[in-house]
Amino acid sequence: MRVLFIGKRFYTNRDAYTERFGRIYQLPYWWAKAGHEVDLWLIDYHGRDVGVTQDEALKVETTPALRWRFFRRWMSACFSRRSTRRPDVIVASGDCYIGLVAYLAAVFCGAKFVFDVYDRYDGYEGYRRLPGIDPLSFLIRRADISMFASTKVLDELRPLAKKTLLVMNGVDLARFVSLPMHESRVSLGLPEGSHLVGYFGSMEPERGISDLIDAVAVLRKRHIDVKLIVGGKADPAVNLDYSFVHYLGNMEFAKMPDALASCDLLALPYRQGSWVDNGSSCKIAEYIAMERPIVATKSPGLELNFPEQTAQLDGLLATPGDVQELAHCLRLQLAERRLVDMPIGISWQEISDSIREALEKLIAGEVVE
């Protein structure tokens with residue numbers, strides 16, 4: 001099959017083009033590796049760079065939004081109906097504007113249209129309704145298949161869709177593996193001899209980083225030698241200026257396994273709110289793959305998307321926003337070091353294989369189960 005995958009280049013503070021990050025890169029990469037003809041077109045909202053590269057069998061192009069190269073690439077897709085390069089299916093992932101670009105191209109060239117909803121796009125700050133159109137519902141109603149990264153979002157939007165697939169965020173099991181703690185700390189210049197609790201990812205207040213900092217401070221007042229390691233894009237609303245907080249910056253994705261491996265515990269201190277409740281963070285599977293104990297709050301992103309692992313953490317999950325409970329769970333996990341099982345079928349290759357089968361049925365006109 002021939003696939004055109006149109007995605008956002010920069011998302012969740014990562015560059016899909018240079019870091020080969022996330023579902024926008026990994027799904028088309030594995031489809032191409034399986035022998036299909038796949039083009040990945042990344043749309044850059046922030047820069048003016050144009051790039052074309054070949055990653056094994058995957059053809060990748062990045063263009064700035066609403067520039068001449070963007071329109072030329074879009075027009076070539078729209079008017080490929082009689083070309084040997086006409087895609088059988090066009091997949092859109094990133095937001096509703098990319099979805100509209102992909103949908104119109106699919107209509108013009110006669111391809112199937114698949115819309116990947118990895119978040120509640122209508123909750124984004126930049127989301128706007130168009131005259132007479134709510135883009136999110138418009139696209140879901142017209143997509144031949146709507147893919148969802150979150151069980152919660154799938155359940156909420158299922159009534160709008162023709163066909164739905166739950167497509168969790170996966171993990172690169174060649175990269176995220178259990179690594180020696182000592183060597184990882186040395187490579188990043190992190191302190192030896194202390195318990196290190198790590199948090200890595202976005203730092204909006206809803207992520208609960210301030211609660212985690214306060215919980216670590218509670219343990220230190222009880223004379224427990226614990227420090228906090230933080231990596232990701234800093235948020236001005238979150239104060240990281242503490243003697244026991246080691247901020248690694250918005251580190252490159254390639255260094256993330258060492259950062260995770262350097263920690264005794266990995267934390268998911270999410271509060272409650274639409275932003276985090278609707279999401280399905282990549283870091284959850286990455287944390288589990290590193291074989292480090294996890295301390296988390298009772299958030300829908302964990303409980304609904306990872307029910308088996310949630311059950312395995314029974315008694316070690318804090319109420320969102322409760323600093324004392326979070327400190328208690330941290331203390332328990334420092335003593336118990338309870339691990340959870342790796343979810344079945346969570347590698348990017350396994351996830352892409354399951355979607356590929358659905359796409360092949362769609363193109364063949366078969367019923368997609």
Checklist line | Expected output: side-chain S194 to main-chain L196 donor-acceptor under 3.5 Å | finding: no
Margin query: Are the side chains of R356 and D353 in contact, using a 4.5 Å heavy-atom criterion?
Written below: yes
Notebook entry, point to check: Quick check: does any side chain N or O of S347 sit under 3.5 Å from a backbone N or O of V171, one acting as donor and the other as acceptor?
Noted result: no
Item checked: Residue pair G193 / D225: nearest heavy atoms and the distance that separates them -> O-OD2, 3.5 Å
Notebook entry, point to check: Is the closest side-chain donor-acceptor distance between Q312 and D341 under 3.5 Å?
Noted result: yes
Note to self: Between R141 and D134, does any NZ, NE, NH1 or NH2 come within less than 4.0 Å of an OD or OE carboxylate oxygen?
What the structure shows: no
Next item on the list: Look at the side-chain heavy atoms of Ile, Leu, Val, Met, Phe, Trp and Tyr, link any pair under 4.5 Å apart, and say whether V216 and I213 land in one connected group.
Entry: yes
Next item on the list: Could you walk me through whether I140 and F115 pass side chain to side chain contact (heavy atoms under 4.5 Å, CB included), step by step?
Entry: CA-CA 7 Å; I140 293 174; F115 188 37; 4.0 Å; yes
Next item on the list: Answer yes or no: is there an ion pair linking E156 with R120, defined by an N-O contact shorter than 4.0 Å?
Entry: yes
Check: Heavy-atom count around R129 CZ within 6.0 Å, excluding the residue itself: above 12?
Finding: no
Item checked: Between T62 and D44, a side-chain donor and acceptor under 3.5 Å -> no
Check: Within a strict 4.5 Å, meaning less than it, do heavy atoms of the S210 and R271 side chains meet?
Finding: yes
Notebook entry, point to check: Judged by atom type as modelled, is there a donor-acceptor pair below 3.5 Å linking the side chain of R292 to the main-chain atoms of C263?
Noted result: yes
Next item on the list: Determine whether the aromatic ring centres of W30 and Y25 lie less than 6.0 Å apart.
Entry: no
Notebook entry, point to check: Is W74 reaching over with its side chain to a backbone N or O of V101, donor-acceptor style, under 3.5 angstrom?
Noted result: yes
Notebook entry, point to check: Out of curiosity, L27 CG to L40 CG, how far, rounded to the nearest 0.5 Å?
Noted result: 10.0 Å
Item checked: Among L190, V186, L248, side-chain contact (heavy atoms from CB on, under 4.5 Å) partner for S262 -> L190
Notebook entry, point to check: Hey, what's the ring geometry for Y199 with Y270, parallel, tilted or perpendicular (30° and 60° as the breaks)?
Noted result: perpendicular
Next item on the list: Would you confirm whether R86, through its side chain, and G110, through its main-chain N or O, come within 3.5 Å as a donor-acceptor pair?
Entry: yes
Note to self: Donor-acceptor check, side chain of N169 to backbone of S280, threshold 3.5 angstrom: yes or no?
What the structure shows: yes
Check: Quick one: are V3 and E37 in side-chain contact, heavy atoms under 4.5 Å?
Finding: no
Notebook entry, point to check: Going by the angle between their ring planes, with limits at 30° and 60°, are Y287 and F200 parallel, tilted or perpendicular?
Noted result: perpendicular
Item checked: Heavy-atom closest contact (S80 atom, S76 atom, distance) -> CB-O, 3.3 Å
Next item on the list: Identify the heavy atoms of Y127 and P135 that sit nearest to each other, and give their distance.
Entry: OH-CD, 3.2 Å
Checklist line | Atom of L160, atom of S137 and distance for their closest heavy-atom approach | finding: CD1-CB, 3.8 Å
Next item on the list: State plainly whether one hydrophobic cluster holds both V107 and L136, where clusters connect Ile, Leu, Val, Met, Phe, Trp and Tyr through side-chain heavy atoms under 4.5 angstrom apart.
Entry: yes
Notebook entry, point to check: Got K59 and V38 here, is their nearest side-chain heavy-atom distance under 4.5 Å?
Noted result: no
Check: CG/L362 to CD1/I145 distance, rounded to the nearest 0.5 angstrom?
Finding: 4.5 Å
Next item on the list: State, without any angle test, whether K152 and S150 hold a side-chain donor-acceptor pair at a distance under 3.5 Å.
Entry: no
Next item on the list: State the CG-CG distance between N278 and L154, to the nearest 0.5 angstrom.
Entry: 12.0 Å
Next item on the list: Check whether more than 12 heavy atoms from other residues, nucleotides or ligands sit under 6.0 Å from atom NZ of K162, and answer yes or no.
Entry: yes
Notebook entry, point to check: Quick one: do L326 and L313 end up in the same hydrophobic cluster if we chain Ile, Leu, Val, Met, Phe, Trp and Tyr together by side-chain heavy atoms under 4.5 Å apart?
Noted result: yes
Item checked: Chi angles and distances behind the side chain to side chain contact (heavy atoms under 4.5 Å, CB included) call for D95, K8 -> CA-CA 8 Å; D95 57 34; K8 186 191 295 186; 3.3 Å; yes
Next item on the list: Please assess R20 against D55 for the test salt bridge (charged side-chain N to carboxylate O under 4.0 Å, His left out), listing each intermediate value before the final yes or no.
Entry: CA-CA 10 Å; R20 304 172 79 245; D55 185 358; 2.7 Å; yes
Notebook entry, point to check: Under 3.5 Å, side chain of E19 to main-chain N/O of A254, donor-acceptor pair present?
Noted result: no
Next item on the list: May I ask you to test the L304-T310 pair for a side-chain heavy-atom distance under 4.5 Å?
Entry: no
Checklist line | Side-chain ion pair, D144 and K163, N-O less than 4.0 Å | finding: no
Item checked: Steps toward salt bridge (charged side-chain N to carboxylate O under 4.0 Å, His left out) verdict (D235, R207) -> CA-CA 11 Å; D235 189 291; R207 306 284 179 178; over 6 Å; no
Check: Would you call D39 and R2 a salt bridge, using N to O less than 4.0 angstrom?
Finding: no
Next item on the list: Please tell me if the side chains of R69 and E61 come closer than 4.5 Å, counting only heavy atoms from C-beta onward.
Entry: yes
Margin query: With heavy-atom distances below 4.5 Å as the criterion, would you say the side chains of F108 and Y103 are in contact?
Written below: no
Next item on the list: Using modelled atom types only, decide if a donor and an acceptor are shared between the side chain of W31 and the backbone of S352 within a distance under 3.5 Å.
Entry: yes
Margin query: Could you report the tightest heavy-atom contact between G345 and I351, atom names first, then the distance?
Written below: O-CG1, 3.5 Å
Note to self: For residues I224 and L266: do they belong to one hydrophobic cluster (side chain heavy atoms under 4.5 Å, members Ile, Leu, Val, Met, Phe, Trp, Tyr)?
What the structure shows: yes
Item checked: Lys/Arg N to Asp/Glu carboxylate O, R9 vs D15, below 4.0 Å -> yes
Next item on the list: Please list all pairs passing the ring-ring contact (aromatic ring centres under 6.0 Å, His included) test where one or both residues lie in residues 42-63, with sequence neighbours left out.
Entry: F10-H46
Notebook entry, point to check: Charged N to carboxylate O under 4.0 angstrom, R158 versus D155?
Noted result: yes
Notebook entry, point to check: Would a 4.5 Å heavy-atom cut-off, applied to side chains only, mark F113 and V89 as touching?
Noted result: no
Checklist line | salt bridge (charged side-chain N to carboxylate O under 4.0 Å, His left out) assessment of E56 paired with K33 | finding: CA-CA 8 Å; E56 298 182 36; K33 199 170 180 66; 2.7 Å; yes
Next item on the list: Spell out, yes or no, whether L58 and I24 are grouped together once hydrophobic residues are joined by side-chain heavy atoms under 4.5 Å, including indirect joins.
Entry: yes
Item checked: ring-ring contact (aromatic ring centres under 6.0 Å, His included) pairs, two or more places apart, involving residues 235-264 -> F21-F253, F176-F253, Y242-F244
Next item on the list: List in chain and number order the residues that pass side chain to side chain donor-acceptor pair (under 3.5 Å) with E206, two or more places apart in sequence or in another chain; answer none if no residue qualifies.
Entry: none
Notebook entry, point to check: N250 and N13: which non-hydrogen atoms are nearest, and at how many Å?
Noted result: ND2-O, 3.9 Å
Next item on the list: Kindly assign one of parallel, tilted or perpendicular to the pair Y121 and Y118, based on the angle between their ring planes and the thresholds 30° and 60°.
Entry: perpendicular
Check: Can you find a side-chain donor-acceptor pair between E325 and T319 that sits under 3.5 Å?
Finding: yes
Checklist line | Positive for salt bridge (charged side-chain N to carboxylate O under 4.0 Å, His left out) with R23, one of D116, D172, D119 | finding: D116
Next item on the list: Give the C-alpha distance, both sets of side-chain angles, the deciding distance and a yes or no for salt bridge (charged side-chain N to carboxylate O under 4.0 Å, His left out) between R185 and D258.
Entry: CA-CA 8 Å; R185 290 188 180 186; D258 272 324; over 6 Å; no
